[in-house]
Each structure stands twice: as C-alpha cells, then as structure tokens.
Amino acid sequence: MEHPIHRVVRFELVGPFTLDVHFGDGTTQRIDFEPVLRGELYGPLSSPAFFARVALDPEAGTLVWPNDADFDPAILHDWPTRGAALAALASRWSPPVRAERPAG
C-alpha cells in the first residue's frame, strides 16, 4: 500500500491561532490550532505572540516553532478528517502553559 508524502510549501498567519497551510500537491487547509494547544509541547503555542513565531522547515516540509513543536505534515494535510481526533486527544492533556510570561 502506497501512502502519499505531503509537504508544506508555505503558510500564512490569518488569525491568532489560524494558518492557511499550502501543500506541494496544490491543496490548502485553513487550520485553527487553538483546540490542540495544550500539554507540554503544544501548550506554549497558546500565547499568540509565540504562535506567530511559526516557521517552515523546508527540509522536513512542515511547520515548526522555537520550542521544537511541530505537526506531521500528513496530519495537517488531512486536518478536516483528523483535526477533531487530535483535539479530543489534546483535551486530556494539561492546560496550556504560556511560553512568554510578563516580567515580574
């Protein structure tokens, strides 16, 4: 069985936690990441300023953040069918921990 390899080729920030993600196969997904921004890895992305530091890793073909958070490009490509399951899983993770805290 052959599985397609999906690669992110570009993205645009279109909202506080929402990106338009463009793939090498010409498709685009508008993804609201807010429902999955929980837990140790993805929780820091719940800071709008930190989320906006997203970058494209051209070697891996996916989105990355400064804390090494990333998403499998296949999950991003198939977000309409897989995003709800990931959000349900994330609902069991610890509440978001902000990456950037105001100075005391």
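Only this structure's heavy atoms are used, side chains among them; waters, hydrogens and symmetry mates stay out. Computed from a predicted model, the values in this text were never measured in an experiment. Heads up: numbering here begins at 1 and tracks the sequence.
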Engineer: Ignoring hydrogens and angles, tell me if any N or O in the side chain of Arg30 forms a donor-acceptor pair with the backbone of Asp20 under 3.5 Å.
Structural biologist: no
Engineer: Using a 4.5 Å cut-off on heavy atoms from C-beta on, say whether the side chain of Phe23 contacts that of Leu76.
Structural biologist: yes
Engineer: Going by heavy atoms in the side chains, are Thr18 and Ile31 under 4.5 Å from each other?
Structural biologist: no
Engineer: Of all the heavy-atom pairs spanning Pro35 and Ala90, show the shortest one and how long it is.
Structural biologist: O-CB, 3.9 Å
Engineer: Pairs of donor and acceptor atoms involving the side chains of residues 66-73, under 3.5 Å and at least two apart or interchain, shall be tabulated with distances.
Structural biologist:
from	atom 1	to	atom 2	distance (Å)
Asn67	OD1	Ala69	N	3.2
Asn67	ND2	Leu41	O	3.0
Asp72	OD1	Ala74	N	2.7

Engineer: From Thr81 OG1 over to Ile75 CD1, what is the distance, rounded to the nearest 0.5 angstrom?
Structural biologist: 9.0 Å
Engineer: For the backbone of Ala88 and the side chain of Ser91, can you confirm whether one donor and one acceptor N or O come within less than 3.5 Å of each other?
Structural biologist: yes
Engineer: Quick one: are the ring centres of Phe51 and Trp65 less than 6.0 Å apart?
Structural biologist: yes
Engineer: Quick one: list whatever passes salt bridge (Lys or Arg N to Asp or Glu O under 4.0 Å) with Asp57, sequence neighbours left out.
Structural biologist: none
Engineer: Indicate if Val64 and Val54 have the same hydrophobic cluster label, given that clusters are the connected sets of ILVMFWY residues with side-chain heavy-atom separations under 4.5 angstrom.
Structural biologist: no
Engineer: With a 3.5 Å cut-off and sequence neighbours excluded, list the donor-acceptor pairs that the side chains of residues 5-16 form with protein atoms.
Structural biologist:
from	atom 1	to	atom 2	distance (Å)
His6	ND1	His77	NE2	3.4
His6	NE2	His77	ND1	3.4
Arg7	NH1	Glu59	O	3.2
Arg7	NH2	Pro58	O	2.4
Arg7	NH2	Glu59	O	3.4
Arg10	NH1	Glu12	OE2	2.5
Arg10	NH1	His22	NE2	3.4
Glu12	OE1	His22	NE2	2.7
Glu12	OE2	His22	NE2	3.2

Engineer: Looking at side-chain heavy atoms only, is the closest gap between Phe17 and Val36 below 4.5 Å?
Structural biologist: no
